[in-house]
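These notes are about the structure you will find just below.
Remember, predicted model here, so these are calculated numbers, not experimental data. No hydrogens, no waters, no symmetry mates; every other heavy atom, side chains included, goes into these values.
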Amino acid sequence: MEHLIIIVSFIAFTGFAGGLTYLLNRKTDSSSAEGFFLGGRSLTFPLIAGSLLLTNLSTEQMVGLNGSAFKDGLSVMAWEVVAVVALVLMAIFFLPKFLRTGITTVPQFLRMRYDAKTEAITNVVFLLAYAFLLLPIILYSGAQGLSNMMDMEGLTGISSETQLFGIPLTLWLTVILIGVMGMFYSRLGGLKTLATLDTINGVGLLVGGFMIFWFALDAVGDNQGIAAGWEKLNEAQADKMTSIGRSDQSVPFHTLFTGVALLNLFYWCTNQQIIQRTFGASSLAEGQKGVLLTGALKLLGPLYLVIPGIIAYHLYAADGVRPDEAYGTLVFNLLPKPLTGFFAAVMVGAILSSFNAALNSTSALFSMGPYKQFINPKGTEEDAVRAAKWFVTVIAILAMMGAPFLNGQDTIFAYLQTMNGIYFIPIFAVVVMGMLHKFVPAWSANVALLVGFGTLTVDSVVLPLSGQATISKTLGMNGFDFLAVVFWLLVIFMAVIAAIAPRKEAWTIETNNPIDMTPWKGAPVVSVLLIVIVFGIYAYFI
């Protein structure tokens, strides 16, 4: 009976979100490239904020970050709280420059700033990273969380001992279910449809996340209220309730100013999957409001992305629960069954949001890059959209085949951040220098990209697979510090080349966007307020 209640409430909310999205967007034109990839440049700030939030808050966050908190405590909130600083910089510095150019993808910007080779390199890297890293992780973490949350073994009657290639069959089936649903949604509509669905699910996710926080704290306090639970949690897990990460934890405090800062900056300021939402803004002011509203919502992130993981450790560590199983176990055990189905539906919405965001960005990168440049330069926009839909179908199938093999990672979030550094750091270095220095030549940026990718791939993939110590460990450095060293070496290299062999003419941004580029007057005040709150949160939890 419990499983039936969960299924009914799951289907009810999923149907509601899908039906409302269809009604709101049934007249939206998604046949053109601008309509499909940028929502016709008509997104207002609530849609931008909702879409940014839910694209970010998929299960690699809900499951992965809570799993990291289960292991390392409150210090992992850096991925939420420090992100606010990056969002402020996006709103004030990066977004105005991107919107002026009228671009659809970050590689297009790099083509304008440098040359076609720079665009081609970054297109290939983004496509490889999304296909073989991001999409499989979204599917795996989503399937892992959903399996625990809905008790898929009990629901299907398939034992965890029934395996395929040494991986539970229920995990394979859940990955395929999510992947097929994601492909279906991605082919139905463009960015505006996805942004609307994201906003609806985003509201549900925040409501559900706070419900988990409430019920979990109440359980810690032996049903005497959340105040009693908070007091008991601070007493029993004092070593985990500090914002200052130790050197033996996944986010040592000093890395907030080195690699962790750089990863946050790339993610929120130049990551195609995320910032494509802002490229569809109806005006610069709407874009800035959406980004800063996202920053305000991120300040609440530790309440539902970190503290539940610490509570799960308090309640279930003695039962042998693994970090990445912690959140799903908490939801299944503590939420009333009708609410479990609702929250599972919201989680599936979050999974589909991130999956679809990655697919939509992948399709934009493919159609605006390789397809229009090499495969069919004379094709129409409708041809590009059609080709993009078939391309992402193939990519999604490959991701479904690879996702289950991530089973067995200690914490999927730590693995994700390690792999992200391979392409985050070189691309961010080239984008920043392109914006800040008008005389950096294209060839130096291309060399920086290739050397950066090569170095970090060897350090993060080749050496570990061969059983050898990474470069960072050989040097006695934290992995995040090594990312910062690579970043600054690339920046210094480009700056030196610009000094001794600069490009012939200074590069200037040309306005190529019909939207209103008047900045939002409230942006500076809100930005300062958000940063003050960030410092306040860290000071409170020292």
Exercise for the section: Step by step, work out the ring-ring contact (aromatic ring centres under 6.0 Å, His included) result for W79 and F480. Expected result: CA-CA 13 Å; W79 299 112; F480 291 131; 5.8 Å; yes

Problem - Polar contact flag, side-chain donor to acceptor under 3.5 angstrom, N478-H254 - result: no

Practice task
Taking atom CE of M112 as the centre, report whether more than 12 heavy atoms of other residues, nucleotides or ligands fall under 6.0 Å from it.
Solution key: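 Enclosed: over 12 neighbouring heavy atoms sit under 6.0 Å from CE of M112.
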
Exercise for the section: Flag this pair as yes if the NZ/CZ of K240 is under 6.0 angstrom from the six-membered ring centre of Y313 and inside a 45 degree cone about the axis; otherwise no. Expected result: yes

Measure the [atom1]-[atom2] distance between [X] and [Y] for me, rounded to the nearest 0.5 Å.
X	Y	atom1	atom2	result
N66	L330	CG	CG	8.0 Å
N271	Y423	CG	OH	5.5 Å
Q108	T122	CD	OG1	10.0 Å

Can you check whether [Y]'s main-chain N or O pairs, donor with acceptor, with [X]'s side chain at less than 3.5 Å?
X	Y	value
T162	I158	no
D72	S250	yes
T455	G452	no
Y114	G434	yes

Exercise for the section: Take F405 and W172 through the ring-ring contact (aromatic ring centres under 6.0 Å, His included) test and state the conclusion after the steps. Expected result: CA-CA 10 Å; F405 291 97; W172 280 98; 5.6 Å; yes

Practice task
For side-chain contact (heavy atoms from CB on, under 4.5 Å), just list the numbers for L135 and F355, CA-CA rounded to whole Å, side-chain angles, deciding distance to a tenth of an Å, and then say yes or no.
Solution key: CA-CA 6 Å; L135 287 168; F355 190 64; 3.4 Å; yes

Problem - Check: F98 and I275 side chains under 4.5 Å, non-hydrogen atoms - result: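 A side-chain contact under 4.5 Å exists here.
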
Practice task
Report yes if some heavy atom in the side chain of L483 is under 4.5 Å from a heavy atom in the side chain of F424; otherwise report no.
Solution key: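 In short, these two side chains do not touch, never coming nearer than 4.5 Å.
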
Handout entry: side-chain contact (heavy atoms from CB on, under 4.5 Å) evaluation trace for Y327 with I212
Key = CA-CA 9 Å; Y327 193 69; I212 300 296; 3.7 Å; yes

Problem - Salt bridge D115-K117, side-chain N to carboxylate O under 4.0 Å - result: no

